[in-house]
Every structure is written in C-alpha cells, then in structure tokens.
Chemist: 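This structure is in structure tokens; I'll ask about it shortly.
Start at 1 with the first residue, then count along the sequence. The shown structure was predicted, so the numbers you read here are calculated from the model rather than taken from an experiment.
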Amino acid sequence: MAADDAFISSGRRRTGRRPWQRALAALSVLVSGVVAFVLAGSALDLVRDQLHHNCGMQPPGSEGAGTWICSDGIGYLAIAGILGMGWLAVVLSGCLLALLVRPSRQARPALVILAAVSAAWVLGLTWYGSTTNVQDQYAPMTGAEYWLEAVGPAALVSVLGVTLGLLSLAPTGPLSWILGIVATVLLIVATVLQPGLSLNLIPPVGLLAAATIRAVGPDTIIRQRPRQDRRPRTLRERTGA
C-alpha cells in the first residue's frame with residue numbers, strides 16, 4: 001500500500017508539472033479572447049438595436065411615433081468600457097490561472113468558476129440595462145420583454161453549459177472530459193444564438209476548454225500501478241513469512 005500511495009503522489013506531481021498541458025490551456029483562453037475582441041462590435045448592435053438601451057419611443061401621434069430614438073455613439077462609451085473591462089479581466093485572469101496554477105485539481109475549479117462569473121456577469125448586466133435604461137412607456141413591449149426575446153434563448157443555453165461545466169468537476173476520467181466538451185459546445189451555441197454577447201461569452205468558451213484540457217491525464221496516471229506491484233504475490237508474501 002505504501003508503494004501505491006507513493007506512486008499516486010508521484011503521478012499527481014507529474015500531472016501538475018506538465019508544461020505543455022498548461023501552455024495549451026492558456027492558449028485556448030488567449031485565442032478565445034482574441035476572437036471575442038474581433039467580434040466586439042456586435043455588442044453595440046445588441047444593446048442599441050435589439051435591447052434599445054438609452055433609447056426611447058415617441059408617443060403616438062407625434063413625429064417619429066413608433067420608431068426608436070437612441071443616443072449617439074458617445075452615449076454608449078460607458079457601456080463599451082464596462083464590457084471591455086470585463087473582457088480584459090476575464091482573459092488575463094484565465095490565462096494566468098491556466099498557465100501558472102500547476103495542480104489541475106486547483107486550476108480546473110478556478111477556470112470553470114471564472115467562466116460562470118463571466119457568463120452571469122454579461123447576462124445580468126444586459127438584463128439590468130434593459131430594466132432601467134429603456135424608455136418603453138410607448139413601446140409595444142417592456143425592456144425586460146425585449147431582453148427575453150433577444151437574449152433569452154442564449155441565456156438558457158449558457159446557464160445549461162455553465163451548469164455542465166460545474167458538474168464536470170465532480171467525476172473523473174472520461175466522464176469529466178465529456179461533460180467539459182459538451183459544456184464548451186453549449187456556450188458556442190449560445191454565442192451563435194446571440195452574437196452580441198460574444199465579447200463576454202466567448203472567453204468562457206476558452207475557459208471551459210482550458211479546464212477540460214487540464215482534466216486530461218491525471219486519472220490515467222493515478223490509476224496505473226507499477227508493473228512489479230501487479231504480479232501475483234507468493235504465499236510467503238501473503239503470509240508475511
């Protein structure tokens with residue numbers, strides 16, 4: 001038993017010291033951040049044209065009735081800055097966690113939780129803006145209803161993906177990898193459903209992918225026993241004679 005325990009500890013140490021695994025995980029976060037930045041312009045289309053933040057509809061009978069009148073580009077600088085700071089914080093933190101935290105059992109929960117926080121943050125932020133920054137008294141729907149129409153399906157898929165990502169932390173071996181992969185795919189689907197969330201929803205894709213990458217390998221190493229320990233024990237060894 002002492003030999004097995006020593007081998008398990010050695011396997012865990014070797015797993016935490018795989019530089020290629022940590023580098024690949026960090027690269028997945030970095031790539032997702034770059035892709036999110038490229039698609040950042042879609043966020044303005046979402047908050048202005050679909051959610052109608054900082055917009056109002058004129059009363060019936062007036063000029064421009066039935067159409068939205070929105071702030072100019074300067075009015076959305078604050079929104080862009082908040083979304084941008086969230087993107088930068090998540091990408092930088094994710095890269096550092098994936099690259100510098102050596103034990104996978106510590107890195108994986110941190111990466112998945114960061115992904116969950118990023119997804120919840122952008123969904124909560126857009127919901128808050130829809131309930132407070134939309135002059136909807138003359139609109140056919142409330143700001144919250146516009147959010148449900150534009151973001152609701154993507155939000156539902158995102159919550160499911162994040163939930164599976166958290167569940168992937170409980171099992172070990174192939175089941176953990178499968179749950180991590182499915183969670184990553186679900187967040188990609190959520191981004192396709194609502195591209196306006198890309199800036200803050202694509203980085204969680206990279207974070208879940210990084211957590212899945214860090215999950216590969218440990219259990220295979222830990223469960224293996226030294227070749228000499230797998231041979232049948234002799235009668236002398238069993239009796240201790």
Chemist: Check the hydrophobic clustering (I, L, V, M, F, W, Y; side-chain heavy atoms under 4.5 Å; chains of links allowed) and say if V205 and V122 are grouped together.
Modeler: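 In one cluster: yes.
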Chemist: Counting distance only, does the side-chain N/O of R108 pair as donor-acceptor with the main-chain N or O of A210 below 3.5 Å?
Modeler: no
Chemist: Are L179 and I113 co-members of a hydrophobic cluster defined by side-chain heavy atoms under 4.5 Å apart?
Modeler: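 No, it is not one cluster - the side chains of I113 and L179 are not joined through contacts under 4.5 Å.
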Chemist: For S168 and G180, work out which heavy atoms get closest and say how close.
Modeler: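 Shortest heavy-atom contact: CB-N, 3.8 Å.
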Chemist: Start with the C-alpha gap between N133 and V47, add the side-chain angles, then the distance that decides, and say whether side chain to side chain contact (heavy atoms under 4.5 Å, CB included) holds.
Modeler: CA-CA 10 Å; N133 294 332; V47 299; over 6 Å; no
Chemist: With sequence neighbours left out, which residue pairs that include part of residues 94-117 fulfil the ring-ring contact (aromatic ring centres under 6.0 Å, His included) condition?
Modeler: none
Chemist: Decide side chain to side chain contact (heavy atoms under 4.5 Å, CB included) for L39 and L199; before the verdict, give the C-alpha distance in whole Å, the side-chain angles of both, and the deciding distance to 0.1 Å.
Modeler: CA-CA 7 Å; L39 299 176; L199 183 63; over 6 Å; no
Chemist: Show me the pairs that pass side chain to side chain donor-acceptor pair (under 3.5 Å) and involve residues 185-211, at least two apart or across chains.
Modeler: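 Residue pairs with at least one partner in residues 185-211: Q50-Q194.
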Chemist: Are W177 and L169 connected in a single hydrophobic cluster, I mean Ile/Leu/Val/Met/Phe/Trp/Tyr linked by side-chain heavy atoms less than 4.5 Å apart?
Modeler: no
Chemist: For the CG atom of L207 and the CG atom of L111, what is their distance to the nearest 0.5 Å?
Modeler: 6.0 Å
Chemist: Transitively linked via ILVMFWY side-chain contacts under 4.5 Å: I178 with L186?
Modeler: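 Yes.
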Chemist: Which atom pairs, donor and acceptor, lie under 3.5 Å between side-chain atoms of residues 147-167 and protein residues at least two apart or in another chain?
Modeler:
from, atom 1, to, atom 2, distance (Å)
W147, NE1, T126, OG1, 2.9
S158, OG, A154, O, 2.7
T163, OG1, V159, O, 2.7

Chemist: Do R22 and S104 pair up side chain to side chain, a donor and an acceptor below 3.5 Å, judged on atom types alone?
Modeler: no
Chemist: In the hydrophobic clustering (ILVMFWY, side-chain contacts below 4.5 Å, transitive), which residues join L99, or is it alone?
Modeler: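 Hydrophobic cluster check, L99: joined to L96, L100.
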Chemist: Nearest heavy-atom pair of Q135 and Q137: which atoms, and what distance?
Modeler: C-OE1, 3.2 Å
Chemist: Can you give me the closest heavy-atom contact between L114 and G94, atom names plus distance?
Modeler: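 Looks like CD2-N, 3.6 Å.
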Chemist: Please examine the side chains of W87 and L92, heavy atoms only from C-beta on, and report whether any two atoms are closer than 4.5 Å.
Modeler: no
Chemist: Please name all residues satisfying side-chain contact (heavy atoms from CB on, under 4.5 Å) with D45, sequence neighbours left out, ordered by chain then number.
Modeler: R48, D49
Chemist: Rounded to the nearest 0.5 Å, what's the gap from CD1 on I188 to CG on L201? Could you check?
Modeler: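 That separation rounds to 10.5 Å.
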Chemist: What pairs meet the ring-ring contact (aromatic ring centres under 6.0 Å, His included) rule with one or both residues in residues 94-123, with sequence neighbours excluded?
Modeler: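 Qualifying pairs: none.
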Chemist: Do any side-chain atoms of residues 74-84 form donor-acceptor pairs under 3.5 angstrom with protein atoms, and if so which ones, sequence neighbours left out?
Modeler:
from, atom 1, to, atom 2, distance (Å)
Y76, OH, H53, O, 2.7

Chemist: What heavy-atom pair brings A209 and T184 nearest, and what distance separates the two atoms?
Modeler: N-OG1, 3.6 Å
Chemist: Indicate if V189 and L46 have the same hydrophobic cluster label, given that clusters are the connected sets of ILVMFWY residues with side-chain heavy-atom separations under 4.5 angstrom.
Modeler: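 No; tracing contacts between hydrophobic side chains, which count when under 4.5 Å, never links both residues.
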Chemist: Applying side chain to side chain contact (heavy atoms under 4.5 Å, CB included) to N54 and C70, what does each step give before you reach the verdict?
Modeler: CA-CA 6 Å; N54 295 336; C70 303; 5.9 Å; no
Chemist: With sequence neighbours left out, write down each residue that passes side-chain contact (heavy atoms from CB on, under 4.5 Å) with P140, or none if nothing qualifies.
Modeler: M57, Y146
Chemist: Show your reasoning for whether side chain to side chain contact (heavy atoms under 4.5 Å, CB included) applies to V112 and L208.
Modeler: CA-CA 6 Å; V112 174; L208 291 181; 4.1 Å; yes
Chemist: Treating Q21 as the side-chain partner and I213 as the backbone partner, does any N or O pair qualify as donor plus acceptor under 3.5 Å?
Modeler: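 Checking the backbone N and O of I213 against the side chain of Q21, a donor-acceptor pair under 3.5 Å is found.
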Chemist: Taking distance alone, no hydrogens or angles, what donor-acceptor pairs closer than 3.5 Å link side-chain atoms of residues 26-38 to residues at least two apart or in another chain?
Modeler:
from, atom 1, to, atom 2, distance (Å)
S28, OG, A25, O, 2.6
S28, OG, G206, O, 3.2
S32, OG, S28, O, 3.4
S32, OG, V29, O, 2.6

Chemist: Does some side-chain heavy atom of V101 sit less than 4.5 Å from a side-chain heavy atom of P103?
Modeler: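 Yes, their side chains come closer than 4.5 Å.
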Chemist: Going by side-chain contact (heavy atoms from CB on, under 4.5 Å), name the residues that satisfy it together with A144, two or more places apart in sequence or in a different chain.
Modeler: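 Here the qualifying residues are W127, T131, T142.
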Chemist: Return the set of residues passing disulfide (SG to SG under 2.5 Å) with C95 (not counting sequence neighbours), or none when no residue passes.
Modeler: none
Chemist: Look up atom CG in L123 and atom CG in L197, then write down how far apart they are to the nearest 0.5 Å.
Modeler: 6.0 Å
